[in-house]
Amino acid sequence: MRKPFIAGNWKMNTDSHSSVSLAKAISSGTQHVAGRSVDVAVIPPFVYLQAVASALSASSIAVGAQDIYIEPKGAFTGEISAAMLKDVGCSYALCGHSERRHVIGETDEMVNKKVKAALAGGLLPILCVGELREERESDKTAEVVTRQLKNGLADLGDEKVSAITIAYEPVWAIGTGLTATPQQAQEVHSLIRELISRIYDSRLADALRIQYGGSAKPDNAAELMAQPDIDGLLVGGASLKADDFLEIIKTVV
Ligand code: PEP
């Protein structure tokens, strides 16, 4: 049985005050469930990680980073290593979020290096995959997701892959208000699980958590989570309002 995993990606939002108050509100609203019947993580901007981690230190809510650099240390101006993220209280790192792939230009190869850097530094990667609108419209969803998944996981053995969460995030649904229907999402989640089973084995595929992301909100969360291969949600916009995020978490406990 896979424990549901709900994570809130705050992107480039909040400030020093609101990041901590949002974290505290989420923590008090999930006191009896976080870490027990559901895993919950918040993913603030780098500069607020330490303050948020410290506000959550007595809770079971994990903290994640929105990105990570591929090297452990050195002359990489502006970048942040796995060790630094661990040092300020992170346990997760997003790798290959679509905004990094399509706005910043990260390649599959770079994303694979980020997954490896996270694992080497003791962080749990959340590997994001998903097709653009034109790719879905030209029936390329399976091809794109398969490529991103295979390349993202290249050269990783069973033991490493079991520490990874996959987030299926159709790019056309992110921040647009357009959500994949539960059936559309389930179809891709099942494809991902099948691929993992083929590349690794069915035991690993059965245990793998696959989140859906793309305009998840209180009024569609339950229907999405009811799908057999949807094990959690990666929430952007709706994770910035404590009440909405808590409503979403309530749908799985
Ligand atoms: C995301 O940033 O990962 C995301 C899914 O955003 P939104 O929920 O706003 O679509």
Side-chain angles (χ1 to χ4, degrees), residues 4-14 18-19 22-23 26 39-46 48-49 52 61-68 90 92-106 111 114-115 118 124-133 135-136 141 144-145 148-149 152 164-182 184-186 188-189 192 209-225 227 229-252:
F5 177 21
I6 310 290
N9 173 15
W10 296 356
K11 310 194 191 197
M12 201 171 69
N13 293 298
T14 69
S18 63
S19 58
L22 177 56
I26 294 167
D39 285 335
V40 178
V42 294
I43 310 181
F46 284 137
Y48 307 129
L49 280 172
V52 167
I61 299 178
V63 177
Q66 297 178 14
D67 188 30
I68 180 171
C90 281
Y92 291 94
L94 292 182
C95 299
H97 187 277
S98 71
E99 284 145 20
R100 300 221 47 98
R101 289 179 188 268
H102 300 293
V103 180
I104 313 289
E106 279 181 16
V111 174
K114 292 190 171 195
V115 171
L124 301 168
I126 301 176
L127 169 61
C128 304
V129 298
E131 80 287 1
L132 296 163
R133 179 202 281 258
E135 291 166 337
R136 173 158 286 265
T141 299
V144 170
V145 169
Q148 291 178 339
L149 196 69
I164 297 175
T165 299
I166 305 292
Y168 168 57
E169 300 206 301
V171 183
W172 49 271
I174 297 183
T176 57
L178 295 173
T179 315
T181 64
Q184 283 172 321
Q186 167 57 26
V188 181
H189 281 233
I192 293 171
R209 290 194 292 192
I210 311 174
Q211 295 177 314
Y212 166 80
S215 300
K217 29 190 187 276
D219 63 6
N220 59 26
E223 228 191 330
L224 287 160
M225 287 299 299
Q227 301 303 309
D229 288 297
I230 299 185
D231 309 310
L233 300 167
L234 180 53
V235 186
S239 71
L240 291 168
K241 291 193 197 118
D243 287 350
D244 284 357
F245 194 55
L246 292 172
E247 272 303 301
I248 290 173
I249 293 167
K250 266 195 218 141
T251 64
V252 300

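Side-chain atoms are counted along with the backbone in the values below, which use heavy atoms only and exclude waters and symmetry mates. Just follow the structure's listing: the first ligand is 1, and inside any ligand the first atom is 1.
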- Item | Ala238 touching ligand 1 at heavy-atom level, < 4.0 angstrom | no
- Proximity flag Lys217 to ligand 1, non-hydrogen atoms under 4.0 Å: no
- List the closest protein heavy-atom neighbour of atom 5 (C) of ligand 1: residue, atom name, distance to the nearest 0.1 Å. Glu169 OE2, 3.1 Å
- Task: Go through the side-chain N and O atoms of Glu135 and Trp172 and say whether any donor and acceptor fall under 3.5 Å apart.
- Result: no
- For Gly214, take its heavy atoms, then give the atoms of ligand 1 lying under 4.0 Å from any of them. 5 (C), 10 (O)
- Taking the side chain from Gln148 and the backbone from Gly130, do they hold a donor-acceptor pair closer than 3.5 Å? yes
- Message: Check this for me - ligand 1, Gly213, N or O atoms closer than 3.5 angstrom, yes or no?
- Response: no
- Item | Proximal ligand 1 atoms for Gly175, defined as those under 4.0 Å from one of its heavy atoms | 7 (P), 9 (O), 10 (O)
- Near Ser215 (heavy-atom distance under 4.0 Å), the atoms of ligand 1 are 7 (P), 8 (O), 10 (O)
- Protein contact of atom 9 (O) of ligand 1 - nearest heavy atom, named by residue and atom, plus distance: Gly237 N, 2.8 Å
- What do you reckon, does Thr176 have a nitrogen or oxygen under 3.5 Å from a nitrogen or oxygen of ligand 1? no
- Could you find the nearest protein heavy atom to atom 8 (O) of ligand 1 and give me its residue, atom name and distance? Gly236 N, 2.8 Å
- Query: Which of the atoms of ligand 1 are close to Ala173, meaning less than 4.0 Å from one of its heavy atoms?
  - Reply: 10 (O)
- If only atom types and distance count, is the side chain of Asp244 paired as donor or acceptor with the main-chain N or O of Lys241 below 3.5 Å? no
- If you measure from the Lys or Arg side-chain nitrogens to the Asp or Glu carboxylate oxygens, is any gap between Arg100 and Glu106 under 4.0 Å? yes
- Query: Does any N or O in the side chain of Gln66 come within less than 3.5 Å of the main-chain N or O of Lys11, such that one atom is a donor and the other an acceptor?
  - Reply: yes
- Task: Could you tell me how the ring of His189 sits relative to the ring of Tyr168: parallel (under 30°), tilted (30 to 60°) or perpendicular (over 60°)?
- Result: perpendicular
- Query: Is there a donor-acceptor contact under 3.5 Å from the side chain of Arg101 to the main chain of Cys128?
  - Reply: yes
- Task: Would you check whether Lys11 has a nitrogen or oxygen atom less than 3.5 angstrom from a nitrogen or oxygen atom of ligand 1?
- Result: yes
- Min side-chain heavy-atom separation Leu233-Leu224 under 4.5 Å: yes
- Decide, yes or no, whether a salt bridge links Glu247 with Lys217 under the criterion of side-chain N to carboxylate O below 4.0 Å. no
- Query: Of all the heavy atoms in Ser98, does at least one lie under 4.0 Å from an atom in ligand 1?
  - Reply: no
- Item | Residue, atom name and distance, where the atom is the protein heavy atom closest to atom 1 (C) of ligand 1 | His97 NE2, 3.3 Å
- Residue portion contacting ligand 1 (non-hydrogen atoms closer than 4.0 Å) for Asn9: side chain
- Item | Donor-acceptor contact below 3.5 Å, side chain Tyr212 vs main chain Pro170 | no
